[in-house]
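Step one of this worksheet: look at the structure below.
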Amino acid sequence: MSADTTSSDLKKTPLFDLHQELGGKMVPFAGYAMPVQYPMGIMGEHSHTRTRTGLFDVSHMGQVILTGDSYEAVARAFETLVPMDVLGLKEGRQRYGLFTNDAGGIEDDLMFANRGDHLFVVVNAACKDADIARMKAALEPAVTVTPVTDRALVALQGPGAEAALAALTPAARDMSFMDVATLDLDGVEIWVSRSGYTGEDGYEISIPEAHAETVVRKLLAQDGVAPIGLGARDSLRLEGGMCLYGHDIDATTGPIAASLGWAIQKVRRPNGDRAGGFPGAAAVFAEIEAGASQRRVGLKPEGRAPMREGVLLFKEAEGGEPIGRVTSGGFGPTVGGPVAMGYVSADLSQVGTTLFGELRGKRQPITVHALPFVAANFKR
Amino acid sequence: MTTYYSEDHEWITVEGDTATLGITKHAADQLGEVVFIEQQDSGEEFEKGGEIGVIESVKAASEIYAPLDGEITEVNEDLADNPSALNEDPEGAAWIYKIKLSDSSQLEDLMDLDGYKALIG
């Protein structure tokens with residue numbers, strides 16, 4: 001038998017039937033059948049999320065609970081895997097993190113939250129098996145690593161997200177950006193964080209599998225809430241300047257080159273109270289001290305032609321070797337034109353620097369642009 | 001006036017030795033929302049199978065391949081400013097090129113509407 005990847009091999013999220021009912025166009029993504037768009041279309045879904053409220057199924061992502069003698073014990077253990085301040089994270093708060101490797105590259109990016117007696121971690125779908133194995137190998141038996149396989153995860157994003165969720169569970173209104181809370185929605189226990197992947201205000205909501213469709217239908221019934229597919233999720237996060245793992249960051253890119261140095265708190269940096277102690281600390285510290293040779297930047301192509309992943313970047317309109325490459329690119333519906341991000345030589349990474357992208361054999365101007373392209377709309 | 005279809009999802013409507021070329025509704029639907037088109041200039045000559053333009057949608061870039069030999073005699077300039085016309089009326093107002101055919105016998109290699117409908121199922 002050949003390794004035939006048919007749709008029947010794909011995993012389904014608890015919302016699969018609902019996606020089909022809503023007219024979602026299902027595609028394979030990280031081993032799951034996921035909706036890339038609904039009848040509204042990618043551009044319409046993107047704009048709807050910026051102006052109203054979008055609901056995304058992200059149940060394919062990995063939800064993991066880490067428990068031990070105390071939050072402090074779990075946090076100290078988890079700090080051996082990430083260059084973040086886990087110990088100093090207050091109860092009810094969430095933080096962005098990175099798993100590093102021994103070379104200081106990024107194995108995955110993640111969100112982690114202090115939920116009182118445990119650490120709650122959300123990782124990328126494509127990396128979740130490796131991430132769980134990594135955590136088990138490094139942390140057990142002192143810390144118990146428990147994948148959460150019986151809960152859906154959805155994101156509610158956009159300027160109407162607060163009103164939509166608060167109509168069903170009023171305490172959602174009291175949460176600030178990166179707060180986490182356990183809330184009750186008509187008798188269902190939901191785990192909520194005020195965060196997302198669009199640059200808009202909103203929530204990410206973990207729901208028991210058995211109640212997922214019911215809760216999502218209630219959210220979709222709120223004024224202005226529409227289902228949004230992976231297509232718009234990608235253009236929203238790109239305009240929002242956020243990295244897509246495996247494209248903008250990977251095992252070969254370090255946090256400093258990736259312009260994610262802000263995610264490494266002072267306490268874990270050189271001369272911090274808990275400096276180092278994570279995989280690849282020497283390499284990351286060398287990049288902190290000396291700077292990285294390449295930097296991830298926003299890139300705005302001139303004209304209307306999108307420059308997508310893989311486009312090589314040059315300093316001059318003719319000749320010379322590539323000085324960088326596009327790692328994500330496409331059309332930004334809110335920007336109204338092409339947007340991209342990529343890596344360029346550090347000496348050419350200043351905002352406003354005009355470079356040239358080679359598109360179908362022709363070099364066309366592309367300018368280093370501040371990230372995000374669309375101002376974030378978080379509730380601080 | 002006869003319309004032919006290519007396996008690359010183009011249509012060609014022929015009047016004498018001149019023709020109008022565009023992409024089919026099926027192609028436009030598959031591409032998704034079009035955000036950019038790169039067209040060649042009037043006067044460019046091309047051979048069957050050669051690349052004569054690129055259409056970019058929100059999803060991906062797709063080349064336009066010449067279904068036969070010929071020369072571009074007119075370019076639909078409206079598409080540059082309004083690429084979404086390719087989604088709205090790909091078999092009408094959003095034609096891409098007027099062309100002069102080099103060898104009208106090549107039309108025999110293309111499909112009629114029934115053949116094309118069978119192709120796209």
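Proteins come first, then strands; the chains are lettered A, B, ... in the order of their sequence lines, and each starts at number 1.
For A/Lys315, the NZ atom counts as loosely surrounded, since its 6.0 Å shell holds 12 or fewer non-hydrogen atoms of other residues, nucleotides or ligands. Annotation for B/Lys100: atom NZ does not count as buried by contact number, only 12 or fewer foreign heavy atoms lying within 6.0 Å. Counting non-hydrogen atoms of neighbouring residues, nucleotides and ligands closer than 6.0 angstrom, the CD atom of A/Gln20 exceeds 12 such neighbours. The number of heavy-atom neighbours closer than 6.0 Å to CD of B/Glu7, taken from other residues, nucleotides and ligands shown, is 12 or below.
Counting heavy-atom pairs under 4.5 Å between each of A/Gly337, A/Ala305, A/Ser235, A/Gly330 and chain B puts A/Ala305 at the top. Across B/Ala60, B/Ala61, B/Pro83, the residue that shares the most heavy-atom pairs under 4.5 angstrom with chain A is B/Ala60.
Looking at A/Arg304, both its backbone and its side chain come within 4.5 Å of chain B, counting heavy atoms on both sides. In this structure, chain A has a heavy atom under 4.5 Å from the backbone of B/Ala80, while its side chain stays farther away.
For the residue pair A/Arg308 and B/Val58, the shortest heavy atom distance occurs at NH1-O, 3.9 Å.
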### Message
Could you go through A/Met307 and B/Glu56, starting from their C-alpha distance and side-chain angles, then the distance that decides it, and tell me whether this counts as side-chain contact (heavy atoms from CB on, under 4.5 Å)?
### Response
CA-CA 10 Å; A/Met307 292 200 198; B/Glu56 297 251 11; over 6 Å; no
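In this structure, the side chain of B/Glu33 does not engage the main chain of A/Gly41 through any donor-acceptor pair within 3.5 Å.
The pair A/Arg360-B/Glu63 does not count as a salt bridge, with every side-chain nitrogen at least 4.0 angstrom from each carboxylate oxygen.
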